[in-house]
There are 2 protein chains.
Amino acid sequence: MTIGKVAKKSGVGVETVRFYERKDLVAQPPKPPFGGFRIYPEETVERIRFIRQAQKLGFSLLEIKELLSLRLDPASNCADIRDRAQVKLNEITRKIVGMKRIQTALEKLITACPGQGAIQVCSIIDAIEAPEKTKEGEKS
Amino acid sequence: MTIGKVAKKSGVGVETVRFYERKDLVAQPPKPPFGGFRIYPEETVERIRFIRQAQKLGFSLLEIKELLSLRLDPASNCADIRDRAQVKLNEITRKIVGMKRIQTALEKLITACPGQGAIQVCSIIDAIEAPEKTKEGEKS
DNA sequence: CTTGACTCTGTACAATAGTACGGAGTTTAT
DNA sequence: ATAAACTCCGTACTATTGTACAGAGTCAAG
């Protein structure tokens, strides 16, 4: 596959593929020694698709690079990989908790909506500032 | 409160507060008519804290602005707010699903780790590329 | 074997999200 | 009442994540 095919199959522009190469997010295949174009494996398409999906979930390219470096293969130190995976898992779990708070706040807002007058219910801000709401008097 | 206090309480720099003002993410209080510094309400601190938390969850400032505009108060059209909240809710629910896929992939990688030889189990990529794995036959 | 499409390299431009700084005005602590 | 600390305003610089383009080389179809 040439770079144009990779770009088309993964839904990005050629320039974006090259950009990811410069950033070492995908490997650049060697140039054929007697002229011609670089040949890309199918794997590159999968990596780029992963990158784009992960970006939509809010990961930066640096974070994605870290995620992509977590592979159990014969060449990697198992304990090291596992520790780094655990760190990433903790981060992601925290993110999911935060997202769920916003999700809950939106659900509350939607259900509160049709039956109210002037109550000023449920600014989204409460979704995240959740602690500190009951400083004294009522316990959680 | 002057801007420096706001910055300190919300954990950002003064320049960042001004930046958010320029972007209309927080309101800029009026300048006292006969000289002096602007006075900020506590609410500004809460908004900035929300902004920073939401950013950590992967929302852009534009998305955060949209979230912050979803408030049930007497001045807003209830049906409009509800519809926009529903759109945001769908987006966030989809994000949570995607994050959970990565979470599961990391968990699998971590548990697979201690007892393997050369299996090349569980690249994170599988977390997202889940569909499309078996289109025809078993040759891959 | 020419033409058009594609690749390669390098550089430049763009949007988002800040961060830094200069110079003037204001407040406050000593 | 003066110096330190802070505010205000504008501009400019940074990093991330791309996009665009110029000019030369390469490939493949008619």
Side-chain angles (χ1 to χ4, degrees), chain A residues 1-42 44-45 47-69 91 95 128, chain B residues 1-42 44-45 47-69 91 95 128:
Chain A
M1 234 186 321
T2 56
I3 196 170
K5 303 270 174 55
V6 171
K8 178 156 276 186
K9 283 188 89 171
S10 43
V12 303
V14 168
E15 303 307 321
T16 303
V17 179
R18 295 201 208 282
F19 175 71
Y20 291 157
E21 287 174 349
R22 284 201 297 285
K23 289 282 175 175
D24 290 319
L25 279 151
V26 308
Q28 184 178 48
K31 215 169 149 178
F34 294 97
F37 301 153
R38 295 175 202 277
I39 303 302
Y40 290 79
E42 186 68 29
T44 302
V45 175
R47 278 180 84 93
I48 293 171
R49 286 216 259 247
F50 177 85
I51 292 165
R52 306 250 69 165
Q53 289 298 317
Q55 282 187 302
K56 283 191 199 155
L57 300 180
F59 296 99
S60 70
L61 290 188
L62 182 56
E63 287 176 304
I64 292 166
K65 198 167 159 182
E66 287 164 6
L67 283 173
L68 284 170
S69 74
E91 285 172 16
K95 277 199 192 189
I128 258 173
Chain B
M1 234 188 317
T2 56
I3 194 168
K5 302 272 175 53
V6 170
K8 178 156 276 188
K9 283 188 89 170
S10 42
V12 303
V14 167
E15 303 307 320
T16 302
V17 179
R18 294 202 209 281
F19 176 72
Y20 291 157
E21 286 175 348
R22 286 203 295 284
K23 290 279 176 173
D24 289 320
L25 279 152
V26 308
Q28 185 178 49
K31 215 170 149 180
F34 295 97
F37 300 153
R38 296 176 201 277
I39 302 302
Y40 290 78
E42 186 67 30
T44 302
V45 175
R47 279 181 81 93
I48 293 172
R49 286 216 259 245
F50 177 86
I51 292 165
R52 307 253 59 164
Q53 288 298 317
Q55 280 187 304
K56 282 191 200 156
L57 301 180
F59 296 98
S60 69
L61 291 188
L62 181 57
E63 288 176 304
I64 292 166
K65 198 167 162 183
E66 285 164 6
L67 283 172
L68 284 170
S69 75
E91 284 171 18
K95 277 198 193 189
I128 257 172

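So that the names make sense, note that chain A is the first sequence line, chain B the second, and so on, each numbered from 1.
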side-chain hydrogen bond (donor to acceptor under 3.5 Å, both in side chains) contacts in which one or both residues fall within residues 2-14 of chain B, not counting sequence neighbours =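 Non-adjacent pairs meeting side-chain hydrogen bond (donor to acceptor under 3.5 Å, both in side chains): K9(B)-E42(B).
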
So where does chain A start and stop touching DNA chain D, 5' to 3', when the test is distance under 4.0 Å to a non-hydrogen atom?
->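 Taking any atom under 4.0 Å from a heavy atom of chain A, the span is dT17(D) to dC27(D).
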
Using the 3.5 Å cut-off, write out each protein N or O paired with an N or O of nucleotides 2-4 of chain C and the distance between them.
none

State, with a plain yes or no, whether a side-chain heavy atom of [X] is found less than 4.5 Å away from one of [Y].
X      : Y      : value
V6(A)  : V26(A) : no
F50(A) : I64(A) : yes
T16(A) : I48(A) : no
K95(A) : F59(A) : yes

Touch check for K31(B), heavy atoms < 4.0 angstrom, all strands: base, sugar-phosphate only, or nothing?
-> sugar-phosphate

Strand-adjacent residues in residues 51-59 of chain B, judged by heavy atoms under 4.0 Å from DNA chain D =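 Per residue number, the list is empty: none.
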
Using heavy atoms and a sub-4.0 Å distance, could you list which residues of residues 5-20 of chain B are near DNA chain C? By number, please.
->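 Heavy-atom cutoff 4.0 Å gives E15(B), T16(B), F19(B), Y20(B).
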
Indicate the atoms forming the closest heavy-atom contact of G13(B) with A7(B), along with that distance.
->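 Minimum heavy-atom contact is C-CB, 3.8 Å.
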
Measuring from atom [atom1] of [X] to atom [atom2] of [Y], what distance do you get when rounded to the nearest 0.5 angstrom?
X      : Y      : atom1 : atom2 : result
L61(B) : K23(B) : CG    : NZ    : 7.0 Å
L25(A) : T44(A) : CG    : OG1   : 12.0 Å
R18(A) : Q28(A) : CZ    : CD    : 8.0 Å

List the atom pairs, with distances to 0.1 Å, where a side-chain N or O of residues 32-40 of chain B and a protein N or O form a donor-acceptor pair under 3.5 Å, not counting sequence neighbours.
from, atom 1, to, atom 2, distance (Å)
R38(B), NH1, P29(B), O, 2.8
Y40(B), OH, E21(B), OE2, 2.5

Rounded to the nearest Å, what distance is computed from the CG atom of residue L62(A) to the C1' atom of nucleotide dA17(C)?
->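 So the two atoms are 16 Å apart, to the nearest Å.
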
Gap between atoms NZ and C1', on K65(B) and dT16(C) respectively (whole Å) |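 From K65(B) NZ to dT16(C) C1': 13 Å.
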
Tabulated below should be each protein N or O lying under 3.5 Å from an N or O of nucleotides 12-14 of chain C; please produce it.
none

Who are the side chain to side chain contact (heavy atoms under 4.5 Å, CB included) partners of E66(A), not counting sequence neighbours?
-> L62(A), K88(A)

Bend angle of the helix from dC1(C)-dG30(D) to dT30(C)-dA1(D) from five-pair axes at both ends, rounded to 10°?
-> 10°

With sequence neighbours left out, write down each residue that passes side-chain hydrogen bond (donor to acceptor under 3.5 Å, both in side chains) with Q53(A), or none if nothing qualifies.
->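 Result, side-chain hydrogen bond (donor to acceptor under 3.5 Å, both in side chains) vs Q53(A): none returned.
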
Results of salt bridge (Lys or Arg N to Asp or Glu O under 4.0 Å) for E15(B) - residues two or more places apart only = none

Which letters describe nucleotides 24-30 of chain C, given B = protein heavy atom under 4.0 Å from base, S = only from sugar-phosphate, - = neither?
-> -BBS---

